[in-house]
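Everything on this sheet refers to the single structure shown next.
Each chain gets a letter, A, B and so on, in the order its sequence line appears, and its residues count up from 1. Note that this is a predicted model, so its numbers are computed, not measured.
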Protein chains: 2
Amino acid sequence: MKDVAAAAGVGLKTVSRVVNGEAGVSEATAGRVRAVIDQLGFRRNDGARLLRQGARTGSVGLLLEDVADPFYSQLSRAVEEVVRAHDSLLLTGSSAEDSARERALALGFCARRVDGLIVVPTSADHAYLAPEAAAGTALVSVDRPMPGLEVDTVLADNRAGAVAGTAHLLRQGHRRIGYLGDAPDIFTAAERLAGYRQAMADAGCPVEEPWIAMGRPDPLGLRFALARMLSDPHPVTALMCGNNRTTVAVLRELAGRQERPALVGFDDFELADLLAVPVTVVAQDPALMGRTAAELLFRRLRGEPAAPQHILVRTRLIPRGSGEIPP
Amino acid sequence: MKDVAAAAGVGLKTVSRVVNGEAGVSEATAGRVRAVIDQLGFRRNDGARLLRQGARTGSVGLLLEDVADPFYSQLSRAVEEVVRAHDSLLLTGSSAEDSARERALALGFCARRVDGLIVVPTSADHAYLAPEAAAGTALVSVDRPMPGLEVDTVLADNRAGAVAGTAHLLRQGHRRIGYLGDAPDIFTAAERLAGYRQAMADAGCPVEEPWIAMGRPDPLGLRFALARMLSDPHPVTALMCGNNRTTVAVLRELAGRQERPALVGFDDFELADLLAVPVTVVAQDPALMGRTAAELLFRRLRGEPAAPQHILVRTRLIPRGSGEIPP
DNA sequence: GCCAACGACGACAACGTTGTCCTCGTCGTC
DNA sequence: GACGACGAGGACAACGTTGTCGTCGTTGGC
């Protein structure tokens with residue numbers, strides 16, 4: 001900027017005025033300054049600008065498990081749209097379900113003075129974010145609650161969804177229903193498992209522990225779990241899958257086996273309706289969740305709601321075939 | 001920081017030293033300062049730090065068409081991993097194929113003084129980035145070249161891939177092959193169409209213009225295009241699809257029709273192998289492309305390669321069934 | 001012809017850090 | 001006991017902006 005001012009033969013403040021389109025500069029001077037700016041390729045340094053103004057930085061951080069997971073990538077896109085509508089920029093980070101990594105990313109974002117943070121929190125304690133919240137950083141938790149901190153939260157009705165999915169299988173006459181879920185320390189995994197148990201209990205259907213397999217959805221683990229559930233002298237006749245990753249991995253394993261149990265998956269996924277046996281799912285609306293979370297964040301930045309909001313997004317059972325196979 | 005210094009009864013520089021773990025502070029003083037920092041919830045302002053140091057900001061911008069597209073979300077994730085390995089943060093933006101929007105995002109990122117920019121460029125001229133490049137911002141173009149600027153570029157061998165896919169259908173005996181691609185101003189769409197034409201020409205197979213439909217993959221447009229190609233008195237017997245969005249949309253349309261043409265898709269996609277008729281594809285490796293682009297960017301930041309690099313990532317034909325249907 | 005009002009512009013401080021350089025006190029050595 | 005060396009810590013400027021306020025010249029009104 002100094003160079004521009006010198007080259008145009010004006011003061012620093014005049015360049016600033018031109019750059020920001022402020023009044024008080026004659027058209028002649030402004031034109032001269034603009035010419036020099038173009039020629040020198042000058043760009044305002046927003047870092048310095050924000051430092052001086054002490055205002056919002058116009059940036060928001062998004063922390064989730066994995067951008068490559070379709071559920072999160074849709075959520076991510078919805079967040080981005082809202083952020084863009086508010087003329088803000090988006091910083092993204094994948095925690096890979098590692099709380100240390102999440103923490104490092106979150107603090108890194110905050111050191112950059114993001115206006116707010118939208119987080120899909122790991123199960124670890126998040127009290128370390130209390131100072132940021134106190135400093136005015138808007139925090140929104142999405143998909144899961146944030147342990148150790150009271151913040152705006154957007155959740156799906158995981159339990160009701162799992163109940164609906166399991167009940168659907170029970171209605172087809174299944175009594176021996178397996179449950180394959182994500183690692184049990186993940187909030188949604190625990191909630192959905194609880195929903196499954198509740199539906200089974202409501203139906204007076206005892207659950208045998210070998211029917212339940214919880215853990216990160218890796219092919220080998222799922223192969224063993226399925227072998228155990230399906231090769232048993234009393235095999236399960238239906239499966240409930242805890243999330244889209246698990247459902248897809250299970251479908252892939254089942255393709256290599258003879259058994260064709262009924263199946264309901266939590267989370268909708270692309271092409272679920274075009275498979276040989278279309279997959280019945282309990283659908284979430286990741287875009288709605290992302291949009292809601294982002295809007296909550298900007299409302300919070302406007303200082304609107306006093307107390308932290310808790311929003312529940314409904315799930316929806318979509319029968320497609322795989323859940324309608326009788327035992 | 002002033003508050004911390006005052007509360008701890010030390011000078012500003014001492015707080016700075018403690019925060020940055022510099023030597024020259026007694027353990028007693030350091031402990032006192034740390035206690036005050038914890039109590040006040042002080043966090044260093046990286047904006048000011050970077051301003052003072054004039055160094056790199058440790059942040060990278062990623063601009064692509066749509067984070068929710070599985071191709072880009074995988075690419076995105078790979079970029080993120082490399083960025084994280086270099087202790088940098090990632091700003092993400094979706095251009096939605098709108099060059100004005102891309103430009104606004106790019107300039108916004110640059111105003112934040114990102115160290116570099118990884119871009120999936122729209123077809124518009126990108127000369128506006130020349131000043132940024134001159135100012136030392138590393139630029140990498142991925143998936144498509146950047147019109148109007150010579151930068152490091154990572155491309156798939158689109159043409160060879162399309163040739164391979166089309167030739168595969170020709171080998172099955174197809175002569176009347178339709179091509180459904182993205183908007184023709186998109187580099188990859190044009191290249192792949194050229195590959196299709198080339199393979200057809202090489203086989204001495206004349207192409208009739210009604211067999212070709214180029215445009216954003218919207219269901220209605222594709223429905224008409226397919227109706228035209230398949231209901232013709234001389235219908236096409238096979239289809240080549242230009243990208244994953246188109247392939248999926250076409251599969252969905254075909255599910256509502258009687259005809260079962262052979263089909264090869266450009267881009268692999270999840271569950272392609274589990275469909276009723278598994279889909280033969282020309283697979284790209286989006287993660288490799290993202291990783292390569294990001295590594296190129298950091299090499300450039302280290303000042304390594306003199307001239308802009310151009311890297312070609314190979315595609316791979318994966319026969320699965322849908323392409324092996326004879327006419 | 002004088003003065004007020006106004007428009008155009010610049011000087012300067014401040015935002016929150018850190019690099020440089022300086023001061024001050026203590027300790028060891030001869 | 002004097003002196004040098006060294007460790008701890010502080011004062012100050014600077015990074016690139018912008019808000020505040022002041023200056024200067026011109027114009028219009030009476």
Heavy-atom nearest nucleotide on DNA chain D taken for B:Arg52 and for B:Lys13; more 5' hit belongs to B:Lys13
Walk along DNA chain C from 5' to 3' and tell me the first and last nucleotide with an atom closer than 4.0 Å to a non-hydrogen atom of chain A. C:dA8 to C:dG16
Basic-acidic side-chain contact under 4.0 Å: B:Arg144, B:Glu191: no
With heavy atoms under 4.0 Å as the rule, sort A:Val10 into base, sugar-phosphate or nothing. sugar-phosphate
Assign each of A:Leu51 and B:Gln53 to its nearest nucleotide of DNA chain C by heavy atoms, then name whichever residue's nucleotide is nearer the 5' end. A:Leu51
For DNA chain C, find the residues of residues 24-43 of chain B with a heavy-atom distance under 4.0 Å and give them by number; none if there aren't any. B:Phe42, B:Arg43
I'd like to know if the side chain of A:Asp115 pairs up with that of A:Thr57 as donor and acceptor (distance under 3.5 Å, no hydrogens or angles considered). yes
Under the 3.5 angstrom rule, does the side chain of B:Glu80 hit a backbone N or O of A:Gly93 as a donor-acceptor pair? no
Pick base, sugar-phosphate or nothing for A:Arg44, based on heavy-atom distances below 4.0 Å to the nucleic acid. sugar-phosphate
Does CD in B:Gln39 sit with more than 12 non-hydrogen atoms of other residues, nucleotides or ligands closer than 6.0 Å? no
Are side-chain N/O atoms of B:Asn20 and B:Arg49 paired as donor and acceptor at under 3.5 Å? yes
Would you classify A:Asn20 as touching base, sugar-phosphate or nothing, given that sugar-phosphate means primed atoms plus P, OP1 and OP2, and contacts are heavy atoms under 4.0 Å? sugar-phosphate
Atom CG of A:Leu12 and atom P of D:dG22 are separated, to the nearest Å, by 20 Å
Is A:Asp46 salt-bridged to B:Arg113, cutoff N-O under 4.0 Å? no
Please state how far atom CD in B:Glu22 lies from atom P in D:dG9, giving the value in whole angstrom units. 13 Å
Is a side-chain donor or acceptor of A:Thr29 paired with a backbone partner of A:Val25 at a separation under 3.5 angstrom? no
Among side-chain atoms of A:Ser95 and A:Glu65, is any donor-acceptor pair under 3.5 angstrom? no
